[in-house]
Structure formats: structure tokens, C-alpha cells
Amino acid sequence: MFRSPRRGAAVPEATFLELRGLTKHFAVPRPLLARVVSRAPPAVVRAVESVTLTLRAGETLGVVGESGCGKTTLGRLLVGLEVPSKGEIRLRGQLLEGGAHQRPRALQRRIQMVFQDPYASLDPRWRVRDIITEPVVGELSAAARRERAVQLLRQVGLSEADLEKHPHQFSGGQRQRLAIARTLCAEPELVVCDEPTSALDVSVQAQVLNLLKETQARLGLSLVFISHDLAVVSHVSTSVAVMYLGRVVESAPRAVLFSAPAHPYTRALLETIPDVRRPGRRRAAIPGEVPSALAPPPGCAFHPRCPLAEPRCRVERPELRPLGDGTLVACHVVGERAPAEPGHGPDEVSET
Ligand SMILES: Nc1ncnc2c1ncn2[C@@H]1O[C@H](COP(=O)(O)OP(=O)(O)OP(=O)(O)O)[C@@H](O)[C@H]1O
Ligand code: SF4
Ligand SMILES: [Mg+2]
């Protein structure tokens with residue numbers, strides 16, 4: 001049992017973060033002519049559809065999938081930047097209702113987000129000391145804020161000399177360190193990292209990932225780590241959820257997912273990762289394109305690209321079901337574990 005320091009209630013550790021049927025639909029207006037001629041209602045993008053997941057305290061849930069599958073929307077729902085159309089988010093059993101503005105400030109602070117683009121997420125007019133202590137404005141004196149800023153800068157590998165600088169004086173990797181410092185200032189329990197390294201040079205990606213991992217271990221943070229890159233997800237995650245067109249198609253403990261992927265889409269994603277053990281091997285691209293989220297295929301949305309598709313896959317949507325090894329998979333065909341092919345595991349991200 002874990003006793004929450006903030007809430008005082010004893011709840012099972014497994015319920016640190018719980019998503020139940022979490023759904024987000026966006027209404028997209030049709031072009032003016034179509035609206036006038038056909039009086040068509042707005043189209044609906046099913047960005048996130050019935051997502052049910054759990055995360056244990058101190059662990060990292062990797063969320064992976066191709067562009068447009070709903071990863072960012074899922075992250076934005078967690079921090080309250082989007083309001084769910086349906087479903088529940090619970091943190092240590094407490095229901096998070098509505099968006100961030102409807103959540104009490106103390107609750108808002110418990111979940112923070114590091115965004116993909118460190119150039120866009122820091123206000124260029126502000127000085128570093130004000131940027132990174134923004135979460136405690138009005139709570140600490142100027143001197144205490146300065147002291148806090150210095151501590152935070154040191155924690156992320158920057159120095160007191162950086163306090164008076166502006167964001168343009170930093171590289172992309174350093175800016176992401178500043179964004180992480182600002183996040184830590186709020187003393188969150190859960191940090192949602194949305195592709196935090198994908199805008200960075202390869203040479204600094206591993207440094208930022210390692211900073212996140214070290215910080216997590218030191219502070220006991222829980223992370224939701226969003227990436228289209230399975231190699232990166234493998235490096236940081238305890239468990240992984242694979243999304244396709246808004247739905248989770250497979251979730252599993254990291255080691256299980258990488259050694260014995262179950263869903264045909266997960267297997268196809270793994271085939272796209274470079275393998276240092278077989279340098280001459282050509283990496284397979286997933287055939288076909290991701291269908292439009294405005295008109296997902298019926299039945300199993302992956303069926304137009306799936307090598308195992310059967311007639312029923314075109315009409316019946318598979319529900320997630322357990323395979324007995326911690327895996328949940330949404331597939332009609334996969335029932336028994338496919339033998340793992342050697343070389344399925346991704347390269348390790350190099351430590352720098
Ligand atoms: N505010 C919005 N209004 C309408 N549609 C939206 C909105 N935000 C996202 N979408 C749509 O929802 C779907 C999921 O988008 P999302 O950004 O969550 O995907 P993603 O997995 O993060 O993609 P990427 O890897 O490109 O960042 C997409 O079809 C996107 O166009
Ligand atoms: S349900 Fe059918 S189409 Fe979908 S992943 Fe499984 S085999 Fe492929
Ligand atoms: Mg995204």
C-alpha cells in the first residue's frame with residue numbers, strides 16, 4: 001500500500017494512474033460549400049477512443065504509434081489541456097474532472113508536461129529565472145524563487161550563470177533542460193513527456209533521456225513517455241502501450257513487448273527499428289498509409305495493412321484481451337504467442 005503524502009489516503013500502489021474508456025473526439029467543420037449544399041454536420045475525428053490503461057507509481061508508461069494516432073491528445077487529456085469526451089482519469093484513485101482550469105491548483109501541479117518543441121514552449125521574452133520558477137509565482141519571495149531557480153538549474157546540468165539569460169542564448173538540448181527544470185519546479189508526481197527529444201540533434205537526445213531517467217529515479221516520479229520511436233521508448237519505459245488510430249492495440253510490460261510482440265502492428269513497428277546485430281539487414285517499412293482519422297476502416301482499423309487479416313477483421317472490431325503474460329492485445333487472430341524472431345529488440349540508445 002502507498003500512503004499519498006498529499007491526500008493522506010491509503011490506496012493500492014497499482015492505482016497511481018488509471019484511465020478508463022478515455023475518449024476524445026474533435027468536431028471538424030466541413031468546407032463552407034459542403035455545409036451549404038448538403039447541410040452536413042461537422043465531421044468527427046476520433047483522436048482518442050476508449051483508452052483503458054494503468055500506471056504504477058515510479059514507473060514509466062511508453063506510448064508509441066505513428067503520426068496522428070492520438071498520442072499527443074492522450075497526453076493533453078492527462079494534463080487537462082483537453083477535456084475528455086467520455087471516460088475517466090484517476091490519479092491515486094481521485095477522479096480528475098474537466099480540464100486544467102477546473103482542477104484545483106494543487107491537483108493541476110501534480111501532473112506536468114514536457115513538450116516536443118523546446119523552441120516554442122519557452123517564452124523568448126522571459127529570463128531563465130522567471131521561466132523555470134513560473135509554477136511557484138505568488139508562493140515564494142523573490143529571494144526564495146532565485147534560490148529555487150539555482151537549485152533547479154544545477155539539477156538539470158545548467159548553472160547559476162544562466163539565471164539572467166533568455167531562451168535564445170541556449171541550444172535545443174539546453175532549452176529542453178530548462179523545460180524540465182520548469183516542470184520539476186511544480187514538484188509533480190506525474191510528468192507527461194511528449195516526444196521530448198525528437199526536435200533535438202541525435203547527439204543530445206541521449207543526454208536529455210538520461211537526465212529524465214536520473215531525475216525520475218531521484219524524485220520517484222512517474223512518467224508517461226510519448227514517442228513515435230520504439231527504440232527511445234524501449235530505453236525509458238517500464239510498460240508500453242501501442243496506439244493505432246486512437247485506440248490502444250497492445251499494452252505489455254516492456255520486456256514482454258520487445259521479446260514477444262503480439263499484435264501484427266506492433267510486430268510491424270518493431271521491424272522498422274534498425275538492428276546493430278544485423279547491420280546488413282534491410283528494415284521493412286509498414287505497408288500502406290495510416291488511414292484518415294476522419295474515416296477509420298470498419299472492424300479492425302489495421303485490416304487494410306495487416307498481413308494476417310481475415311474476412312471477420314473487416315467487420316468486427318477486436319476488443320483488448322489478456323494473453324496471460326501481462327499483454328493485452330486487440331486482435332482476432334493472435335491468441336498464442338508467436339515465437340520471437342531474433343533481432344526484434346531495438347538498439348540501445350547510446351549513453352553520452
Ligand atoms: N484540436 C484538434 N482539432 C481537430 N483535430 C485534432 C485536434 N488535435 C488533434 N487532432 C486530430 O486528432 C488526431 C490525433 O492527433 P495527435 O496530435 O494526438 O496525434 P499524434 O499521435 O500526437 O501525432 P504526431 O506523432 O504527428 O504528433 C489527428 O488526426 C489530428 O489531426
Ligand atoms: S484483428 Fe485481423 S486485421 Fe486486425 S490486427 Fe488482428 S489479424 Fe490483423
Ligand atoms: Mg504528437
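The analysis underlying the following values was restricted to heavy atoms, covering all of them including side chains, and did not include hydrogens, waters or symmetry mates. By convention here, the first residue in the shown sequence is residue 1. Both counts, for ligands and for their atoms, begin at 1 and track the order of listing.
Shown are the protein N/O/S atoms under 2.8 Å from the Mg ion (ligand 3), given by residue and atom: T72 OG1. Closer than 2.8 Å to atom 4 (Fe) of ligand 2 sit the protein N, O or S atoms C300 SG.
Between H263 and Y265, the ring planes lie perpendicular to each other; the angle is over 60°, past the 30° to 60° tilted range.
Ligand 1 has a nitrogen or oxygen under 3.5 angstrom from a nitrogen or oxygen of K71. The shortest N/O to N/O separation between V28 and ligand 1 does not fall below 3.5 Å. Where the criterion is an N or O separation shorter than 3.5 Å, residue side chain and backbone included, G70 meets it with respect to ligand 1.
For the atom pair I180 CD1 and C185 SG, the distance stands at 14.0 Å (nearest 0.5 Å).
Shortest contact from atom 6 (C) of ligand 1 to any protein heavy atom: F26 CD1, 3.3 Å. Closest protein heavy atom to atom 12 (O) of ligand 1: A47 CB, 3.3 Å. Looking only at heavy atoms of the protein, atom 13 (C) of ligand 1 is closest to G68 O, 3.7 Å.
Among residues at least two apart or in separate chains, salt bridge (Lys or Arg N to Asp or Glu O under 4.0 Å) pairs with a member in residues 294-306 are E66-R305.
Here the rule is side chain to side chain contact (heavy atoms under 4.5 Å, CB included) with V248, and of V51, L19, V329, V48 only V51 fits it.
Side chain of T60 to main chain of T238: no donor-acceptor pair is present (N/O by atom type, distance under 3.5 Å, no hydrogens or angles). The closest donor-acceptor contact from the side chain of R90 to the backbone of E18 lies at 3.5 Å or more, if one exists at all.
Of the options S198, G246, S67, P296, the smallest heavy-atom separation from atom 26 (O) of ligand 1 is shown by S67. Between V48, T73, V44, it is T73 that holds the heavy atom closest to atom 18 (O) of ligand 1.
Q116 and S198 get closest at one heavy-atom pair: NE2-OG, 3.1 Å. The two residues H235 and K213 make their nearest non-hydrogen contact at O-NZ, 3.1 Å. Closest approach of E49 to H25, counting heavy atoms only: OE1-NE2, 2.7 Å. Counting all heavy atoms, side chain and backbone alike, L190 lies closest to L55 at CD1-CD2, 3.9 Å. Contact detail for P188 and T183: the closest heavy-atom pair is CD-O, 3.3 Å.
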- Could you give me the CA-CA distance, side-chain angles and deciding distance for E139 and R109, then say whether salt bridge (charged side-chain N to carboxylate O under 4.0 Å, His left out) is met? CA-CA 13 Å; E139 291 178 21; R109 278 179 53 169; 2.7 Å; yes
- For L221 and L184, run side chain to side chain contact (heavy atoms under 4.5 Å, CB included): C-alpha distance rounded to whole Å, both residues' side-chain angles, the deciding distance at 0.1 Å, then the answer. CA-CA 10 Å; L221 290 173; L184 298 180; 4.0 Å; yes
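Side-chain N/O atoms of T327 and D325 include a donor and acceptor closer than 3.5 Å.
Close approach of ligand 1 to T72 (heavy-atom distance below 4.0 Å) involves ligand atoms 17 (O), 18 (O), 20 (P), 22 (O), 27 (O). In the vicinity of A293, heavy-atom distances shorter than 4.0 Å reach the ligand 1 atoms 29 (O).
Distance screen at 4.0 Å: atom 30 (C) of ligand 1 has no protein heavy-atom neighbour inside the cut-off. Less than 4.0 angstrom separates atom 10 (N) of ligand 1 from at least one non-hydrogen atom of the protein.
For the pair R145 and E147, the salt-bridge criterion is not met [side-chain N within less than 4.0 Å of a carboxylate O].
Look at C69 and you'll find a heavy atom under 4.0 Å from some atom of ligand 1.
Remark: E160 pairs with R146, V150, R154, L163 by the side-chain contact (heavy atoms from CB on, under 4.5 Å) rule, at least two apart or across chains.
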